[in-house]
Each structure stands twice: as C-alpha cells, then as structure tokens.
Amino acid sequence: MDRLANTVRPYAWGSTTALPELLGTAPTGEPQAEMWMGAHPGAPSRIDRGAGPVSLAEVIDAAPDTELGADTVRAFGPRLPFLLKLLAAGSPLSLQVHPDLAQAREGFADEERRGVPIDAGHRNYKDANHKPELIVALTPFDGLCGFRHPAQSADLLAGLGVDDLKPYVDILRASPEEDALREVLTAVLSAEHHAMAETVERAAVAAGRLAAEDGPYAQDYAAYAGIAHHYPGDPGVLAAMLLNHVQLQPGEALFLGAGIPHAYLSGLGVELMANSDNVLRCGLTPKHVDVPELLRVVRFEAGDAGVLRPEAVDGEEIYETPIDEFRLSRFALAPGAAPRPLASRTPQILLCTAGTVRLRAGETGDEAGGEAGGGAGGAAGDGAGDGAGDELTLSPGESAFVRPGEHLTLAGEGTLFRATVVA
C-alpha cells in the first residue's frame with residue numbers, strides 16, 4: 001500500500017475553511033475546493049516507493065496489471081476508472097449535467113473530427129467517457145438534484161408573483177411532464193439576455209422576501225435567493241428553481257446519473273466519480289453553455305432527489321449505485337474493537353475522515369480472516385503488497401492506494417471511506 005500525496009484545487013467556489021479544518025492546517029485565505037485522490041491526468045496523486053515521489057498515473061501506466069489487476073484492466077482499460085475527492089463548497093457550483101457513455105463517445109468523436117482543440121473554452125467533451133458521480137455529506141450539505149414535479153415547480157414560481165414567470169407557470173401546469181420541463185428550460189436558457197436578467201432579479205428579490213416567511217417553500221426560496229446573490233441575472237437561477245432542493249445530513253448521499261441536472265451549493269463531502277471531465281453546463285457560470293447539446297443530454301424526468309443511505313454488510317456501510325467503475329463504502333471503527341480484515345482483487349483508495357485509522361499490510365488471507373466487508377469480488381492470489389509488516393497511520397484527510405490482492409487489517413478509532421471497483 002502507498003500513502004498518497006494529493007493536490008488541492010483552488011476553484012473560486014471553494015470554501016476557505018472546510019478543508020483546512022478537516023486536514024488540521026491553517027487556512028490560507030484562498031478557496032480550497034477539492035482534494036483529488038487517484039490517477040486523473042489533471043492532478044494525479046503522488047506516491048513514494050523509495051526512489052522519490054512519482055505520479056500514481058505514471059506508476060499505473062508502467063504496470064497496469066500489477067497496479068490495477070487483470071479484472072479491472074479487462075473491464076475498463078489500463079487506467080484507474082474512478083476519481084475520489086474531498087469537495088468543499090463555499091458557494092454554488094455550476095448547474096450541470098453529464099452525458100451517458102454513448103453520448104460521450106459520440107460527442108468526443110465529433111469534436112475530434114471537427115478539430116476542436118481539447119482545451120478550447122467552447123469544447124464540451126474532454127474525453128469519451130461518462131461521468132456518474134456520488135457525493136456523501138460529511139457536514140450538512142445543500143444541493144440541487146433532478147427535476148421537481150412540474151406542478152410543484154409551477155406553485156413555487158407562481159408564489160414569487162413575478163408577471164414574467166406566468167407563461168412558464170402555465171406551461172408547467174398544462175403540458176405533459178417531459179414536454180413541460182423541456183419547453184420551460186429551453187425558454188429560460190434561450191431568452192434574450194437583458195430581459196432574462198431583469199426577470200431573474202425580480203424573482204430573486206421575491207425569493208429573498210418569501211424566505212423570511214413561514215411558507216411551504218421557505219427553505220427553497222432561501223436557497224434560490226442565495227444562488228442569485230452569487231450569480232445575479234444568470235438564467236441558471238430560474239433553471240435551478242425547476243430542481244429539487246436537497247439538504248443532506250452527514251452520512252447521507254446523492255447519486256448523479258447521466259442526464260440528471262444538479263448543482264452543489266454548500267458543505268463538505270466525499271465525492272466519487274468515473275474518471276472523466278465531461279460536463280455540460282446549464283448556468284450559474286461564466287463558462288460556455290451549449291444549449292442545443294445540453295438539451296440533447298438532459299433527461300426530462302421529474303421525481304424525488306433520491307437521498308441514499310448506506311446499507312450495512314458485515315460492518316461495512318455500502319452506498320449502492322448502478323454502475324461498475326466505482327463503489328464507495330464506509331467503516332466506523334470503534335475504540336477497542338478487534339482489527340478488521342480487508343482485501344480485494346481490485347484497486348482501492350482508503351480515505352480517513354475522522355479519528356485515526358491504522359492500516360497494516362502483509363497479512364495472508366487466513367491470518368486476516370479472509371475477505372471482509374463484501375469486498376469487490378473477493379481476494380486474489382498472493383497479492384502485490386509492499387511486504388509483511390508494512391503499516392500506515394491515517395489522520396483526517398489522509399489516504400492510501402492499495403493494489404489488488406493485498407491483504408490489510410484496519411484498526412484504530414475513526415471513520416474510513418473505501419473507494420474501489422466493481423469488477
């Protein structure tokens with residue numbers, strides 16, 4: 001196993017305090033938005049096996065079967081198929097959707113064929129992969145996820161008392177669900193900019209006023225008024241009003257599949273996603289918004305946000321999702337408990353978020369008690385460990401990469417997240 005040295009990304013929406021508080025470091029005064037753990041080329045983790053720090057991506061490229069295991073390479077190619085993050089939102093992220101795998105492959109091939117530079121601001125597809133993602137709250141966490149039922153959106157917009165919104169209200173109440181959502185989102189994102197900015201401003205003022213009243217949408221109005229404060233006049237504010245406002249408590253999660261519009265508003269969480277950069281934006285951003293391509297990708301389906309809670313399997317709390325590139329689980333290690341065995345035939349990243357967790361490698365399957373916590377397909381062979389007796393101690397925000405087949409025991413008192421592959 002290898003201790004990871006990770007990069008913190010200073011995106012403008014990041015919190016200035018949440019990650020420093022978790023990591024036990026002094027705030028710099030600058031936003032610290034995401035800490036990346038994995039082998040994404042944008043900011044790969046670094047490991048040191050005795051010859052100095054080296055990129056985990058380079059290590060995997062040099063020996064994918066050893067570092068990832070034959071099952072993972074056969075299923076997803078010679079790269080780590082997931083990216084783990086700590087995400088700290090101090091202000092709203094852009095409202096966005098991700099393509100499914102077929103859309104990503106088609107869109108990437110089209111832009112490659114047309115010669116759109118990979119770093120062009122108007123480029124939609126950075127790669128040919130999809131980007132499903134899971135966010136688990138570490139603190140109270142606010143977000144937007146999926147379309148509300150049109151009747152509810154109609155009531156919320158009508159409650160603002162803004163005349164310019166009445167046509168949208170009528171559509172939401174009179175048209176079939178998919179048609180209503182598509183028509184209103186298209187109208188909002190395609191409207192003349194100056195006129196829409198004025199409408200958004202009036203809606204924001206009304207939302208701020210209604211947030212102080214004890215109405216059924218008071219918390220939602222407060223969230224939308226906050227969004228408008230950060231993005232005045234942005235049509236994405238009205239697009240956001242079509243979405244479910246979700247307030248997660250620590251341990252609760254959201255899964256964002258292809259075509260589901262979403263945005264994170266505030267809070268600290270553990271995020272796990274497929275290894276992709278493909279994002280189509282709906283608003284709340286100065287970046288490029290490709291409305292026709294966005295409308296091709298969005299799934300105009302209404303429903304509840306679908307808050308996930310983990311399911312306990314032999315002491316491992318698993319967040320079930322319908323994809324194979326990643327699986328996230330959590331261990332709550334109690335003081336005085338016996339060391340816990342852990343093994344897998346797929347690669348893992350282990351992240352401590354509370355307390356202190358000790359990882360000891362080099363156990364055999366019999367000594368470790370076999371596969372623990374359901375694993376991701378069972379233990380495999382002799383493993384590829386660093387040798388008997390290796391041990392790492394992880395504090396909050398620290399992480400380790402574990403190669404397939406390596407048997408570990410977990411001990412200590414704290415919380416450990418486990419990202420791995422379903423293969």
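What you see is a predicted model; the values in this text were computed from it and never measured.
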Colleague: Verify the neighbour count for atom CG of D304: are there more than 12 heavy atoms of other residues, nucleotides or ligands below 6.0 Å?
Modeller: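 Result for CG/D304: open.
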Colleague: Just by distance, with hydrogens left out, do H245 and D142 show a side-chain donor and acceptor under 3.5 Å apart?
Modeller: yes
Colleague: Quiz question: by atom type and distance under 3.5 Å, do the side chains of T346 and T72 form a donor-acceptor pair?
Modeller: no
Colleague: State whether the side chain of T415 and the backbone N or O of A354 hold a donor-acceptor pair below 3.5 Å, judged by distance alone.
Modeller: no
Colleague: Apply side chain to side chain contact (heavy atoms under 4.5 Å, CB included) to L87 and W13, showing your working.
Modeller: CA-CA 10 Å; L87 182 148; W13 49 263; 4.0 Å; yes
Colleague: So, for T409 and P339, which heavy atoms are closest and what is the spacing to 0.1 Å?
Modeller: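 The pair with the smallest heavy-atom distance is CB-CB, 4.2 Å.
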Colleague: Does this structure show an ion pair linking R123 with D119, if we count only N-O contacts that are shorter than 4.0 Å?
Modeller: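 So R123 does not pair with D119 through a salt bridge.
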Colleague: Over all heavy atoms of both residues, which pair between M37 and L86 is shortest? Give the atoms and the distance, please.
Modeller: CE-N, 3.6 Å
Colleague: Would you say L95 and Y231 make side-chain contact, with heavy atoms under 4.5 Å?
Modeller: no
Colleague: Under 3.5 Å, is there a donor-acceptor pair between the side chain of N124 and the main chain of L280?
Modeller: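 Side chain of N124 to backbone of L280, a donor-acceptor pair under 3.5 Å: no, none is there.
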Colleague: Can you tell me how the ring of F300 sits relative to the ring of F147, calling it parallel under 30°, perpendicular over 60° and tilted otherwise?
Modeller: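 Geometry flag for F147 against F300: parallel rings.
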Colleague: Looking only at non-hydrogen atoms, find the nearest pair between S190 and V291 and report the distance.
Modeller: OG-CG1, 3.9 Å
Colleague: What pairs of residues pass the ring pair (Phe, Tyr, Trp, His ring centres under 6.0 Å) test when at least one of them lies in residues 91-111, not counting sequence neighbours?
Modeller: H98-H262
Colleague: Y168 and side chain to side chain contact (heavy atoms under 4.5 Å, CB included): which partner among T199, V162, L185, V188?
Modeller: V188
Colleague: Tell me whether the count of non-hydrogen atoms from other residues, nucleotides or ligands lying under 6.0 Å of CD in E320 goes above 12.
Modeller: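 Yes, because the 6.0 Å sphere around CD of E320 holds more than 12 heavy atoms from other groups.
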Colleague: Is there a donor-acceptor pair under 3.5 Å between the side chain of K131 and the backbone N or O of D277?
Modeller: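 No.
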Colleague: Counting only N and O atoms by type, is there a donor-acceptor contact under 3.5 Å from the side chain of R345 to the main-chain atoms of G405?
Modeller: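 Checked: no pair found.
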Colleague: Salt bridge check, K85 against E133: does any charged N sit closer than 4.0 Å to a carboxylate O?
Modeller: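 No, this pair does not count.
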Colleague: Does E301 reach the side chain of L181, with side-chain heavy atoms less than 4.5 Å apart?
Modeller: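 The answer is no, as the side chains (C-beta and beyond) never meet within the 4.5 Å cut-off.
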Colleague: Hey, is the main chain of P81 close enough, under 3.5 Å, to the side chain of R79 for a donor-acceptor pair?
Modeller: no
Colleague: What I'd like to find out is whether the side chain of T7 reaches to under 4.5 Å of the side chain of R46, using heavy atoms alone.
Modeller: yes
Colleague: Go through the side-chain N and O atoms of Q96 and S94 and say whether any donor and acceptor fall under 3.5 Å apart.
Modeller: yes
Colleague: Using modelled atom types and a 3.5 Å cut-off, is there a donor and acceptor pairing between side-chain atoms of N275 and backbone atoms of L80?
Modeller: yes
Colleague: Is the CZ atom of R105 crowded by more than 12 outside heavy atoms at less than 6.0 Å?
Modeller: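 Check fails, neighbour count at 12 or below.
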Colleague: Would you say the side-chain atoms of S395 pair up with the backbone N or O of T356, donor to acceptor, closer than 3.5 Å?
Modeller: no
Colleague: For L144 and Y224, run side chain to side chain contact (heavy atoms under 4.5 Å, CB included): C-alpha distance rounded to whole Å, both residues' side-chain angles, the deciding distance at 0.1 Å, then the answer.
Modeller: CA-CA 10 Å; L144 306 173; Y224 299 132; 4.0 Å; yes
Colleague: Without swapping roles, check the side chain of T16 against the backbone of P31 for a donor-acceptor pair under 3.5 Å.
Modeller: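 A pair under 3.5 Å: no.
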Colleague: Please check if any side-chain donor atom of D127 sits under 3.5 Å from a side-chain acceptor atom of N278, or the reverse.
Modeller: yes
Colleague: Carefully, step by step, assess L268 and E21 under the rule side chain to side chain contact (heavy atoms under 4.5 Å, CB included).
Modeller: CA-CA 11 Å; L268 176 67; E21 287 176 2; over 6 Å; no
Colleague: Hey, is R281 close enough to E293 for a salt bridge, meaning N to O under 4.0 Å?
Modeller: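 No, this pair does not count.
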Colleague: Hey, is NE2 on H230 packed in by over 12 heavy atoms from elsewhere, all under 6.0 Å?
Modeller: yes
Colleague: Start with the C-alpha gap between Q348 and M1, add the side-chain angles, then the distance that decides, and say whether side chain to side chain contact (heavy atoms under 4.5 Å, CB included) holds.
Modeller: CA-CA 9 Å; Q348 306 176 69; M1 58 183 169; over 6 Å; no
Colleague: Using modelled atom types and a 3.5 Å cut-off, is there a donor and acceptor pairing between side-chain atoms of N6 and backbone atoms of S45?
Modeller: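 Such a contact is absent between N6 side chain and S45 backbone.
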Colleague: Is a donor on one side and an acceptor on the other found under 3.5 Å between the side chain of Q32 and the backbone of L19?
Modeller: no
Colleague: Is any side-chain heavy atom of L416 closer than 4.5 Å to a side-chain heavy atom of L351?
Modeller: no
